[in-house]
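What you see below is based on every heavy atom in this structure, not just the backbone, and it leaves out hydrogens, waters and symmetry mates.
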Amino acid sequence: MTEGLRSVIYSTGGANSAHFAGYLLAKRTGLPWIAEIHDPMVYENWERWRMALRFAAWLEGRICERADLAIWFVETALERAKLRHPVLGDRGRVLIPGADRPAFSKRRYARGAELVIGHFGMLAPTRNLANVLEALALVLERDPDLSKTVRLGIYGGGVDAISADAISRFPFAGVVRQFGRVESDPATGESGRDRVLKRMQTVDALLLLHGTDRVCEEYIPSKLYEYLWTERPIIGLVWHNPHLDRLLREGGHWSVPADDVAAISGALEALVSRWKRNELRDNGRASPYTSAAAVEQLVGWADEIPRGRSEARKP
């Protein structure tokens, strides 16, 4: 920090216990407290224990009252926290955590004989392939010859029941390909993660599933930040999240409502059209969302905390 060595309490993560510990330490020591909240602590249609909701609501209130800096990762999450706790004021901020550039050299994209759309990561009942497959079927029904070249590659461990049912009913054989979890290569020593990141860089487009439950309005998949480093086109299915929508569109990617099959179909048709014209080259944009950039922003904000403010709150 620019003003010399300074002690702060920094609680981070999705575990409420971490922030509770930060709150107790701030009360006891009077040190500045920074709380970085990864997931919304309170949201509508809460499906967990009511006791957990009461504790989360109480703890969010303590963060908004006492933390010298409270950080969320999505604009809507901060806005709703402020509505619940106006006392937060200008101590609430939004930080994009990002991801670091892969350690290996960029693998340049080259158009192949097939148009490959890759989905990487876990699937779940609220983050499934049903609407994507319905939209893709519409595209192929309008032009059945595309079934010879269009492929949807699914990478990652586990397929949820809704996706599995949609795959089983998909009317075009050979289009959907399941690769499962990519493991490390014992012959080369290459990790499974590096193999996945390299594969991301060579597909024709990347599919980002956001989900369709209430929490998605205040959540951005961390997979987005890995995708951005690939320089490949992204089709993002977004659920009521203007922040995620803007990040995708500003990067030149597709952002469509997660529940709008017609819009998804239109994005897929636009993708096919660009692929036919060989217009899916790497965009050449290095992602600005890195760990170093996030740390620099965080340290800058910490330097702005008035000295003595937390000490004055010490009981």
Side-chain angles (χ1 to χ4, degrees), residues 109 111-182 196 199-213 216 221 223-224 227 230 232-241 244-245 248-249 251-281:
Y109 163 79
R111 182 184 183 275
E114 296 179 334
L115 190 169
V116 180
I117 304 167
H119 175 267
F120 297 81
M122 293 292 293
L123 296 167
T126 58
R127 189 175 61 252
N128 62 71
L129 293 167
N131 287 345
V132 173
L133 291 178
E134 184 179 349
L136 182 56
L138 292 176
V139 174
L140 300 182
E141 286 166 3
R142 287 191 283 266
D143 187 353
D145 283 344
L146 287 175
S147 64
K148 301 173 184 177
T149 54
V150 175
R151 300 290 180 260
L152 174 61
I154 304 170
Y155 299 83
V159 175
D160 68 283
I162 295 175
S163 295
D165 179 64
I167 292 170
S168 69
R169 293 185 293 102
F170 192 70
F172 297 90
V175 170
V176 180
R177 297 177 176 176
Q178 300 182 61
F179 296 95
R181 182 178 175 85
V182 179
V196 166
R199 182 57 180 149
M200 285 182 189
Q201 294 178 355
T202 58
V203 299
D204 296 277
L206 294 158
L207 175 64
L208 182 72
L209 297 181
H210 187 208
T212 55
D213 56 355
C216 293
K223 187 66 63 180
L224 170 67
Y227 276 8
T230 69
R232 306 302 306 129
I234 301 169
I235 294 181
L237 275 60
V238 178
W239 182 257
H240 302 173
N241 192 313
L244 175 56
D245 176 81
L248 285 165
R249 293 183 184 278
H253 305 288
W254 284 280
S255 173
V256 293
D259 59 346
D260 190 336
V261 172
I264 300 168
S265 177
L268 291 171
E269 286 188 324
L271 174 69
V272 170
S273 179
R274 287 179 57 185
W275 178 79
K276 287 180 176 179
R277 300 192 302 269
N278 195 22
E279 294 179 354
L280 294 180
R281 301 178 184 87

Checklist outcome for this item: All heavy atoms of H119 vs all of M122, minimum pair found to be CE1-O, 4.0 Å

Next on the checklist: Could you measure the distance from the CG atom of L208 to the CD1 atom of I235? Nearest 0.5 Å is fine.
Outcome noted: 10.5 Å

Checklist entry - When you look at L244 and R249, which way does the side chain to side chain contact (heavy atoms under 4.5 Å, CB included) test go after all the steps? => result CA-CA 9 Å; L244 175 56; R249 293 183 184 278; over 6 Å; no

Next on the checklist: Ignoring hydrogens, what is the shortest heavy-atom contact between W239 and G211? Give both atom names and the distance.
Outcome noted: CB-O, 3.1 Å

Item to check | Pair H210-N241, side chain to side chain contact (heavy atoms under 4.5 Å, CB included): steps then yes or no | outcome: CA-CA 9 Å; H210 187 208; N241 192 313; 3.7 Å; yes

Item to check | Heavy-atom side-chain proximity of L237 to P257 below 4.5 angstrom | outcome: no

Checklist outcome for this item: What one should report as the nearest heavy-atom pair of L209 and R127 is O-CD, 3.2 Å

Item to check | Test item: L136 and F172 side chains (from C-beta on) under 4.5 Å apart, heavy atoms | outcome: no

Item to check | Contact summary for L248 and L224, nearest pair of heavy atoms | outcome: CD2-CD1, 3.8 Å

Checklist entry - When you measure from the side chain of D204 to the backbone N and O of V116, does any donor-acceptor pair fall under 3.5 Å? => result yes

Next on the checklist: Could you check whether R142 pairs with E269 (Lys NZ or Arg NE/NH1/NH2 to Asp/Glu carboxylate O, under 4.0 Å)?
Outcome noted: yes

Item to check | Test applied, side chain to side chain contact (heavy atoms under 4.5 Å, CB included); reference residue, I117; option that passes from L206, V175, L271 | outcome: L271

Next on the checklist: Side chains of D160 and N128, heavy atoms from C-beta outward: is any pair under 4.5 Å?
Outcome noted: yes

Checklist outcome for this item: Smallest heavy-atom separation, S265 atom then A135 atom, equals N-CB, 3.5 Å

Checklist entry - Quick one: CG on L123 to CD on Q178, what's the gap to the nearest 0.5 Å? => result 9.0 Å

Item to check | 4.5 Å side-chain heavy-atom contact, W275 and T149 | outcome: yes

Item to check | Spatial distance of atom CD1 (I167) from atom CD1 (I162) [nearest 0.5 Å] | outcome: 12.0 Å

Checklist entry - Heavy-atom count around R111 CZ within 6.0 Å, excluding the residue itself: above 12? => result yes

Checklist entry - Is S273 reaching over with its side chain to a backbone N or O of A270, donor-acceptor style, under 3.5 angstrom? => result no

Checklist entry - What distance separates L129 CG from S163 OG, expressed to the nearest 0.5 Å? => result 4.0 Å

Checklist entry - Would a distance-only check, ignoring hydrogens and angles, find a side-chain to backbone donor-acceptor pair under 3.5 Å from R274 to L280? => result no

Checklist entry - Out of curiosity, H253 NE2 to I234 CD1, how far, rounded to the nearest 0.5 Å? => result 4.0 Å

Item to check | Cationic tip of R232 above Y109 ring, under 6.0 Å, 45° of axis | outcome: yes

Checklist outcome for this item: Heavy atoms of F120 and V196 approach each other most closely as CD2-CG1, 3.7 Å

Item to check | Side-chain donor-acceptor pair present, R199, Y155, cut-off under 3.5 Å | outcome: yes

Item to check | CG-CG distance between L152 and L207, expressed to the nearest 0.5 angstrom | outcome: 6.5 Å

Checklist entry - When you look at W254 and L268, which way does the side chain to side chain contact (heavy atoms under 4.5 Å, CB included) test go after all the steps? => result CA-CA 9 Å; W254 284 280; L268 291 171; over 6 Å; no

